[in-house]
Amino acid sequence: MPAVPLSTIVEEIHNASQAAQRPDARLLAVSKAQPAEAVAALAAQGQRAFGENYVQEAAVKIAALAGLQLEWHLIGHLQSNKAEQAAALFDWVQSVDRPKLVGALARHRPADRDPLNVLIQVNVDDEDSKHGCAPGDIDALADAIAAEPRLRLRGLMAIPAPFPDQTRRRAAFVRMRGLFEALRARYPGVDTLSMGMSGDFALAIAEGATMVRVGTALFGERQAS
Ligand SMILES: *Cc1c(COP(=O)(O)O)cnc(C)c1O
């Protein structure tokens, strides 16, 4: 898949959001396995928010690009022993899926930073191999996050199974929308439903995504690592 210009992706997001009669979904540019130069090139075109999967890899890029005032999101699985580093590096952590992480991130969020924005990652297709909490665990995790002044509960994130069948993918997005609305009813500050990637972000927006995470379409195929 060759890279698509940022302006084209932004336009596709705008069109899908208009069709759904909602404000434009936010674009998170997923820069895992891309060099800092590629991030800087997109930043020069106006992209502010970038997503990374690995704390170590992100630390290098965040340091190299500190002057650009970018917004960094952790979207990969977070091991508890990396929570301290993640709490200091990122603006958002989208992969919170267990109580132990909540305490660790809150404890280590530096006092001179704004509260850390947090999404609860949901294992919406109940896949054995996937990270994310069960839908039934969302409320308890949300309560734990909301009780931490150093964290700010913003919503939910999911990586639905990549079913080739659009109907099954749509069903996962629809389930997430329902969980998101239920959470927002309990916590009105919740405003973010992060779902949809290069292959299905328009479908995700149609079903209620407020943030889409796009890597391959923006940067081209990743090198095998
Ligand atoms: C890699 C990744 C993406 C981006 O996927 P693409 O298909 O390259 O757009 C989005 N979300 C998560 C959690 C990822 O790990």
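- Sequence neighbours left out, the pairs with a member in residues 21-50 that pass ring-ring contact (aromatic ring centres under 6.0 Å, His included) are Phe50-Trp72.
- Checked against ring pair (Phe, Tyr, Trp, His ring centres under 6.0 Å), His108 has no partners two or more places apart in sequence or in another chain.
- For the pair Arg154/Asp191, a side-chain contact is recorded, criterion being any heavy-atom separation below 4.5 Å from C-beta on.
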Quiz item: Which is it for Arg213 and Phe201 under the side chain to side chain contact (heavy atoms under 4.5 Å, CB included) test, yes or no, and what are the steps along the way?
Solution: CA-CA 8 Å; Arg213 309 180 306 267; Phe201 65 83; over 6 Å; no
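- Scanning all heavy atoms of the two residues, the minimum distance from Ser194 to Gln94 falls at OG-OE1, 2.8 Å.
- Using a 4.5 Å heavy-atom cutoff, the side chains of Ser95 and Gln121 are in contact.
- What you find for Leu74 and Ala86 is that their closest heavy atoms are CD2-CB, 4.3 Å.
- Identified under the ring-ring contact (aromatic ring centres under 6.0 Å, His included) test for residues 2-45, with sequence neighbours left out: none.
- Atom CG in Asp200 sits 4.5 Å away from atom CZ in Arg169 (nearest 0.5 Å).
- Side-chain contact between Asp125 and Arg175 is present, with heavy atoms from C-beta onward closer than 4.5 Å.
- With contacts defined as side-chain heavy-atom distances shorter than 4.5 Å, the pair Met176/Leu193 qualifies.
- Taking every heavy atom of both residues into account, Ala83 and Ala104 meet most closely at CB-CB, 3.7 Å.
- Interatomic distance, Asn117 CG to Glu71 CD, rounded to the nearest 0.5 Å: 7.0 Å.
- Through direct or relayed side-chain contacts under 4.5 Å between Ile, Leu, Val, Met, Phe, Trp and Tyr, Trp92 connects to Leu28, Val30, Ile75, Leu119, Met157, Ile159, Met197, Met211.
- Across all non-hydrogen atoms, the minimal contact from Ser80 to Arg98 is OG-NH2, 3.3 Å.
- If you run side-chain contact (heavy atoms from CB on, under 4.5 Å) between Leu153 and each of Val102, Ile145, Thr192, only Ile145 comes through.
- Shown here for Gly220 and Ala3, the closest heavy-atom pair between the two residues is N-CB, 3.6 Å.
- Using a 4.5 Å heavy-atom cutoff, the side chains of Phe219 and Val214 are not in contact.
- Residues satisfying the salt bridge (charged side-chain N to carboxylate O under 4.0 Å, His left out) criterion with Arg109, sequence neighbours excluded, are absent altogether.
- Atoms OG1 and CG, on Thr210 and Asp24 in that order, are 11.5 Å from each other to the nearest 0.5 Å.
- Taking CG of Leu105 as the reference point, atom NZ of Lys82 lies at 13.5 Å (rounded to 0.5 Å).
- Residues Leu68 and Ile62 share a single hydrophobic cluster, defined by chaining ILVMFWY side chains whose heavy atoms lie under 4.5 Å apart.
- Residue Ala25 comes nearest to Ser17 through the heavy atom pair N-OG, 3.1 Å, listed as atom of the first residue, atom of the second, then distance.
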Practice problem: Decide yes or no on side chain to side chain contact (heavy atoms under 4.5 Å, CB included) for Asp143 and Tyr187, but give the supporting numbers first. | Solution: CA-CA 9 Å; Asp143 293 346; Tyr187 289 104; 2.5 Å; yes
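- For residues 144-153, there are no side chain to side chain donor-acceptor pair (under 3.5 Å) pairs, not counting sequence neighbours.
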For residues 35-47, run the donor-acceptor check on the side chains, cut-off 3.5 Å, and write out each pair with its distance to 0.1 Å, sequence neighbours left out.
unit_1, atom_1, unit_2, atom_2, d
Gln45, NE2, Ala41, O, 3.3
Gln47, NE2, Leu27, O, 2.8
Gln47, NE2, Ala49, O, 2.9

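- The side-chain heavy atoms of Glu52 and His73, taken from C-beta on, include no pair separated by under 4.5 Å.
- Legend: residues meeting ring pair (Phe, Tyr, Trp, His ring centres under 6.0 Å) with Phe90, ordered by chain and number and at least two apart, are absent.
- Taking Glu181 as the reference, Arg177, Arg184 meet the salt bridge (charged side-chain N to carboxylate O under 4.0 Å, His left out) condition, with sequence neighbours excluded.
- Judged as a salt bridge (charged side-chain N to carboxylate O under 4.0 Å, His left out), and not counting sequence neighbours, the contacts of Glu207 are Arg170.
- Residues forming a side chain to side chain donor-acceptor pair (under 3.5 Å) with Asn81 (at least two apart in sequence, or on another chain): none.
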Quiz item: Passes side chain to side chain contact (heavy atoms under 4.5 Å, CB included), Arg26 versus Ile13? Steps please.
Solution: CA-CA 8 Å; Arg26 287 195 75 197; Ile13 289 171; over 6 Å; no
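- With sequence neighbours excluded, no residue satisfies salt bridge (charged side-chain N to carboxylate O under 4.0 Å, His left out) with Glu11.
- In this structure, CG in Leu183 is found 6.0 Å from CD1 in Ile120, a value given to the nearest 0.5 Å.
- The distance from the CG atom of Leu141 to the CD1 atom of Ile138 is 8.5 Å, given to the nearest 0.5 Å.
- Summarising the local packing, CZ of Arg168 is surrounded by 12 or fewer heavy atoms from other residues, nucleotides or ligands at distances under 6.0 Å.
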